[in-house]
Structures are given as structure tokens and as C-alpha cells.
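To keep things clear, I will list the structure first and then write my remarks on it.
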Amino acid sequence: MPWLDLLGNDIHYTDSGRGRPVVLLHGHASAAACWDPIIQDLERDFRVLAYDTYDHGWSSNSPRQGPLVDRAAELEHFIGSLGLEDPVIVGQSMGGMTTLRWAVRHPGSAAALVVCGMGWPLVVPPPGQAGQPEKFEVFSSLDQDERIWLGVGNSFTEQWIADNPKDFARYIRVRSTATAIEAARYPRSLEQSQGEFLSADPRDVEAFQQGLESVTSPLVVLIGEEERPRIRRGAEHVAATVPGARLLVVGDAGHNAYFQRQDILVDAVRSTVSTTRGRRRG
């Protein structure tokens, strides 16, 4: 069971397969273990790594009163500590935030980027669109009775849950670690760990917009057809802003489209990487 010290946090990760590295970033209140069935498919062609960001999975908790480590910096140090070159970065939800922030800092350093269930901006309308700033709320996933299970709200469609009860139950169980429950009982600030991504400051918005326009790594943005409106709007904006990016909308899927249609996600990773072989880093 491998571990790394990343910026003072004890981070658990998995590492399997051989070939080009693919780094998988889970979402809020989730865990690296939620990627397991996808890892089993990808590891046939790639070296696949997934880590539990702090306050999640088997990694350590941050101080309840902060300060919190910047999650894009955590990803930078994960990649650097393991000497990963030209990685493919795949991020779901909060992991998608981290992926985009890392990409803005490293516009051409990834072989490919796949952002699932996330878009930007979330707290203000996209540049050029009318509207007022609106806080992006992250609610506790703890069940109200026993307070030991981390649910997913409406992130899966009801039909998928009905058709896949065992997979759904496993998804809840592997998320609900002691570390994640502690963080859900004593919520930390997502704004503090994701910085400019959730800022309504016009200077931050302009800088991030320009950063997205500078990204040269191939990007696929994958969302479910039933994604939350604000995230879908942001996903459409990111796909329209990053040069050459592709928007992939998965039918009959919700926020967790990456898990509902694992086949589509895996195909997106493989096809995007196959078109970039031999590409020079920007």
C-alpha cells in the first residue's frame, strides 16, 4: 500500500499497469477506490495512478481550522514526486476543478486532459453573459440518521441505481472512510483549497479565462445529460474556450456520468491519447 508525504499530508495512492501514466482524481467526499473498475480497464494499456486527496479515502485529515493545502499544488507534487512525464490527467467533479487549475499552470504539460462532471465558471456567469455572482455550495453528504455513510444525492440517475443496486451500494461503502466522515462532520472550505476557481473577483475571472485560452494539451469535457445546470453551463464554456477541446455529453446519466458509463470514459481516454502520440510538449 503506497503512501507519499505531499505538502505535509500523508497521502495514500494506488499504482498499477505499465505505459504512459494516467492520473485519476476523485470528487468531493469520494475516494480513489471509486475508480477501481475503471482502473481495471485502463491498466491494460497504461500505468494508472489514483490518490486520495487529503480529507478523503485513506489519506490524512487537514487541521479542522486550516490552513488547507492548495489541491492543484498537491497534484503538482504528486506528479513531481513520482517523476511522471507527459501524464494523462482525468478528474471527476472536484478532481475536475483540480485538473483545470493544474492545466492553466501547465498549459501543455499533459498528454491529455479529461474533465468529468465539472466546468468553469461556477460562481459567476461565463464572460460575456449576464447574471449575478452566486456562491457554489457544497453540502454535507452524511446520512441524517447514523451519520456514517456518505451519500451522493442525485449524482446518479434513479434508473441507474435501480438497475445497478450492488454497484451503487459498493460506491457508497468505499467512499465512507473514517477520514472522509471526519471531514464531513467538520466541513473544510472548498474555496480555500480551490482558490481562484471559485473566486468571483473580476481579476481572478479574467486571469483564469486567459489561462484556459492558453491550454494546448488535448482536452475532453465529459458531462451527463442530466448534469446540474450551472456545471453544464460551465462545461460548455470550458469546451468552447480551450482550443480544440471536445464536449462529450452522455445520455441518461447524471453528475457521475464517468461511473454510469465507464465504457464511454475509457474510450475517451484511449481515443484522446491515441491522437496525441508523438506530440511535442508545449
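Values reported hereafter were calculated over all heavy atoms of this structure, with side chains retained and with hydrogens, waters and symmetry mates removed.
- Residues Arg232 and Gly224 approach most closely at NH1-O, 4.4 Å, considering heavy atoms.
- Salt-bridge annotation for Glu76 and Arg71: absent, with no side-chain N of the basic residue lying under 4.0 Å from a carboxylate O of the acidic one.
- The distance between the ring centers of Trp120 and Phe208 falls below 6.0 angstrom.
- Residue-environment remark: CZ (Arg105) exceeds the threshold of 12 foreign heavy atoms within 6.0 Å.
- Applying the ring-ring contact (aromatic ring centres under 6.0 Å, His included) test to pairs two or more places apart or on separate chains, those with a residue in residues 83-102 are Trp102-His106.
- Between atom CG of residue Leu68 and atom CG of residue Leu7 there is a gap of 12.5 Å, rounded to the nearest 0.5 Å.
- One finds a salt bridge joining Lys135 and Glu191 here, because a Lys/Arg side-chain nitrogen approaches an Asp/Glu carboxylate oxygen to under 4.0 Å.
- Residues Leu222 and Leu265 approach most closely at CD1-CA, 4.1 Å, considering heavy atoms.
- To the nearest 0.5 Å, atoms CD (Glu225) and CZ (Arg261) are separated by 11.5 Å.
- Taking the six-membered ring for Trp and thresholds of 30 and 60 degrees, Tyr171 and Phe259 have ring planes more than 60 degrees apart, a perpendicular arrangement.
- In this structure, the separation between CD1 on Ile89 and CD1 on Ile79 is 4.0 Å, given to the nearest 0.5 Å.
- Here the shortest heavy-atom pairing between Thr14 and Pro2 reads CA-CG, 4.5 Å.
- The residues Asp41 and Arg270 are annotated as salt-bridged, a charged nitrogen and a carboxylate oxygen being separated by less than 4.0 angstrom.
- In the model, His56 has no side-chain atom that pairs as donor or acceptor with a side-chain atom of Ser30 under 3.5 Å.
- For Trp35 and Tyr258, the gap between ring centers is short of 6.0 Å.
- A pairwise comparison of heavy atoms in His26 and Ala32 identifies CD2-N, 3.5 Å as the closest pair.
- Environment of CD in Glu158: sparse, with no more than 12 heavy atoms of neighbouring residues, nucleotides or ligands closer than 6.0 Å.
- Residue Asp36 places its CG atom among more than 12 non-hydrogen atoms of other residues, nucleotides or ligands, all under 6.0 Å distant.
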Practice task
Take Thr157 and Glu226 through the side chain to side chain donor-acceptor pair (under 3.5 Å) test and state the conclusion after the steps.
Solution key: CA-CA 8 Å; Thr157 60; Glu226 299 181 29; 5.7 Å; no

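- Between Ala184 and Leu150, the shortest heavy-atom contact is CB-CD2, 3.8 Å.
- Note: His12 and Trp58 have tilted aromatic rings, judged against thresholds of 30 and 60 degrees for the angle between ring planes.
- Residues Arg20 and Glu85 are not paired through a salt bridge, judged by the lack of any N-O separation under 4.0 Å between the basic side chain and the carboxylate.
- Judged as a side-chain hydrogen bond (donor to acceptor under 3.5 Å, both in side chains), and not counting sequence neighbours, Asp145 has no contacts.
- One finds the CD atom of Gln260 at 10.0 Å from the CG atom of Asp163 (value rounded to the nearest 0.5 Å).
- The heavy-atom pair separating Val115 from Gly96 by the smallest distance is CG1-CA, 4.0 Å.
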